[in-house]
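What follows is a single structure, written as structure tokens, with notes after it.
Residues: numbered from 1 along the sequence shown. Counting starts at 1 for both ligands and their atoms, following the listed order. Computed from a prediction, not measured in an experiment: that's the story for all the values here.
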Amino acid sequence: MFVSDCLQINEKGHLTVGGCDTVELAETFGTPAYVMDETTIRENCRAYKRSFEQYYGGNGLALFASKALNCLEICRIVKEEGLGLDVVSGGELYTALKAGFPAEKIHFHGNNKTRDEIKMALESKVGRIVLDNLYELTAVDELAASMGIKASVSMRIKPGIDAHTHSFIRTGQIDSKFGFALETGEAMEAVKQVIACRNIELEELHCHIGSQIFDMDPFVHAAEVMMDFIGDIRKQTGVTVECLNLGGGFGIQYTQDDNPQSYDRYMEKVSKAVKAKAEQLELPVPFIYLEPGRSVVGEAGITLYTVGGIKEIPNVRTYVSIDGGMTDNPRYALYKSGYTCVVANKAGLPAAKEVTVAGKCCESGDLIQENTKIQSPEIGDILAVLSTGAYNYSMASNYNRIPKPPIVLVKEGKAREIVRRQTYEDLIRNDI
Ligand SMILES: *Cc1c(COP(=O)(O)O)cnc(C)c1O
């Protein structure tokens with residue numbers, strides 16, 4: 001019935017997550033609150049590992065794209081599950097290191113790394129720095145030289161694949177701010193410059209074609225294009241790049257309209273394509289990295305709110321206002337993302353009332369969902385928005401000086417906070 005296996009309805013007709021009654025969670029921890037199911041997160045990590053073992057002889061590693069959700073406890077869980085981590089800023093790297101994440105399993109991404117961030121990445125000995133442009137190349141080479149080390153790098157390539165997804169989360173085409181373009185020859189030129197650098201080792205090529213993708217063909221196509229490029233590099237330079245990073249982007253279920261496929265199907269198709277290309281081009285079968293973000297944590301999370309005012313505008317629509325909004329979930333405002341909303345204390349009743357769920361910020365665009373059906377709402381109800389585990393907490397802001405909600409981790413009927421709710425005192429902490 002719901003978008004995620006960790007959600008059920010109990011005998012009181014309340015929505016439960018990870019065996020916890022959401023109405024009780026709202027009483028205990030207050031609203032708004034993010035709730036994450038630990039079992040689902042761990043199960044998703046394991047599914048990637050199993051898939052690599054089953055279809056690719058274990059010759060690969062999933063790196064959790066931590067921009068989807070980064071805090072100490074999530075880093076610890078991912079570490080325990082044996083995945084690597086992809087970070088895109090000094091702040092994400094700092095968090096991962098503080099959580100005790102092994103630096104050699106961290107890849108450092110980003111389209112405009114500052115010199116300080118590159119220095120931090122090199123000093124903390126991250127496994128790989130993913131070069132996005134030639135300015136970064138110069139900085140990495142100089143800094144590595146001054147430290148007397150050789151930096152292990154990857155290069156972000158735009159493979160020229162059009163993934164069918166929202167334009168703001170599509171990244172594989174020429175008109176993208178990320179990476180080196182293949183079609184124009186820019187990528188090959190850059191590869192030659194990288195190979196010529198004495199303080200740099202080119203060990204990997206990377207591509208990431210976009211996010212929330214359901215169609216398998218663009219992924220397979222990207223893998224083939226990247227293998228061809230590895231073949232071309234060897235022909236032109238004699239260098240064999242041994243690792244291929246195919247990025248993330250697997251779609252999840254936000255609403256009944258979304259039909260995600262299993263990672264197994266992805267892995268089966270992609271590994272077949274990669275192996276076939278390796279044979280055809282007489283290349284070694286590469287070590288493969290994947291970078292799932294959304295698909296590891298998205299469906300594991302929900303957000304709980306309390307319903308405040310309800311405005312029925314005759315012949316227009318009914319606004320249901322909640323005690324959060326774009327500050328804790330900016331995705332509808334950014335991309336018009338679909339979400340499933342449920343009145344948690346009436347979850348067993350039919351969703352018969354069409355409403356627009358509005359936040360409390362001073363912006364007309366502060367909406368969570370428009371014209372969606374929920375159980376008949378009343379003031380004081382608990383509203384749950386499903387599949388908010390990815391790109392919600394990590395995109396949260398303090399607009400209107402609204403404190404960020406806590407993250408509550410649930411597991412088999414037990415709940416604990418892993419991120420505290422911000423206080424008003426926190427809001428003025430850096431004010432002078
Ligand atoms: C955002 C991003 C990911 C993760 O994408 P998901 O859609 O969350 O799986 C992986 N790699 C890179 C380089 C990214 O920018």
Side-chain angles (χ1 to χ4, degrees), residues 40-41 44-45 47-48 51 60-70 74 78 83-89 92-93 96 105-113 117 121 126-133 136 153-159 161 163-173 176-180 204-216 218-219 222-223 226 243-254 258 260-263 266-267 270 288-301 331 334-335 337-338 387-395:
T40 306
I41 299 171
N44 286 332
C45 293
Y48 277 104
S51 238
L61 180 68
L63 313 169
F64 171 56
S66 73
K67 71 175 194 259
L69 179 64
N70 192 329
I74 295 295
V78 172
L83 268 59
L85 207 69
D86 143 7
V87 301
V88 297
S89 69
E92 286 184 1
L93 177 58
K105 284 171 100 172
I106 299 177
H107 279 43
F108 196 101
H109 270 283
N111 72 301
N112 188 21
K113 303 167 193 72
E117 285 175 324
V126 299
R128 210 146 280 162
I129 296 180
V130 186
L131 296 176
D132 181 273
N133 55 64
E136 290 182 357
V153 306
S154 177
M155 292 174 69
R156 179 154 184 172
I157 307 297
K158 289 187 263 196
I161 310 286
H164 304 282
T165 190
H166 192 287
S167 62
F168 285 1
I169 50 177
R170 191 167 54 195
T171 52
Q173 71 288 4
S176 163
K177 72 169 182 170
F178 299 103
F180 300 96
E204 176 191 313
L205 290 181
H206 172 277
C207 71
H208 170 74
I209 57 175
S211 204
Q212 187 61 0
I213 299 167
F214 295 110
D215 185 3
M216 291 285 150
F219 286 124
M226 293 297 284
C243 301
L244 178 57
N245 188 328
L246 295 170
F250 317 102
I252 65 162
Q253 194 169 35
Y254 286 101
D258 300 326
Q261 314 212 20
S262 74
Y263 320 136
Y266 166 88
M267 198 64 86
V270 167
I288 287 187
Y289 292 100
L290 294 178
E291 294 172 330
R294 190 188 311 274
S295 54
V296 174
V297 291
E299 289 179 15
R331 293 190 65 255
L334 273 173
Y335 325 113
S337 313
S387 292
T388 57
Y391 305 110
N392 272 237
Y393 175 73
S394 62
M395 283 187 165

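For a heavy-atom separation below 4.0 Å, the residues in contact with ligand 1 are Ala65, Lys67, Asp86, His109, Arg156, His206, His208, Ser211, Gly248, Gly249, Glu291, Pro292, Gly293, Arg294, Tyr391.
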* Can you list the steps and then say if His107 with Glu204 is a side chain to side chain contact (heavy atoms under 4.5 Å, CB included)? -> CA-CA 11 Å; His107 279 43; Glu204 176 191 313; 2.8 Å; yes
* To do: List the steps and the verdict of side chain to side chain contact (heavy atoms under 4.5 Å, CB included) for His208 and His109.
  => CA-CA 11 Å; His208 170 74; His109 270 283; over 6 Å; no
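Using the six-membered ring where Trp is involved, Phe250 and Tyr266 have ring planes that are perpendicular, over 60° apart on the 30 and 60° scheme.
Judged purely by atom type and a 3.5 angstrom limit, Asn70 has no side-chain atom pairing as donor or acceptor with the backbone of Ser394.
Annotation: side chain of Pro260 is in contact with side chain of Gln253 (closest heavy-atom distance under 4.5 Å).
For the atom pair CD of Glu136 and CD1 of Ile129, the computed distance is 8.5 Å after rounding to the nearest 0.5 Å.
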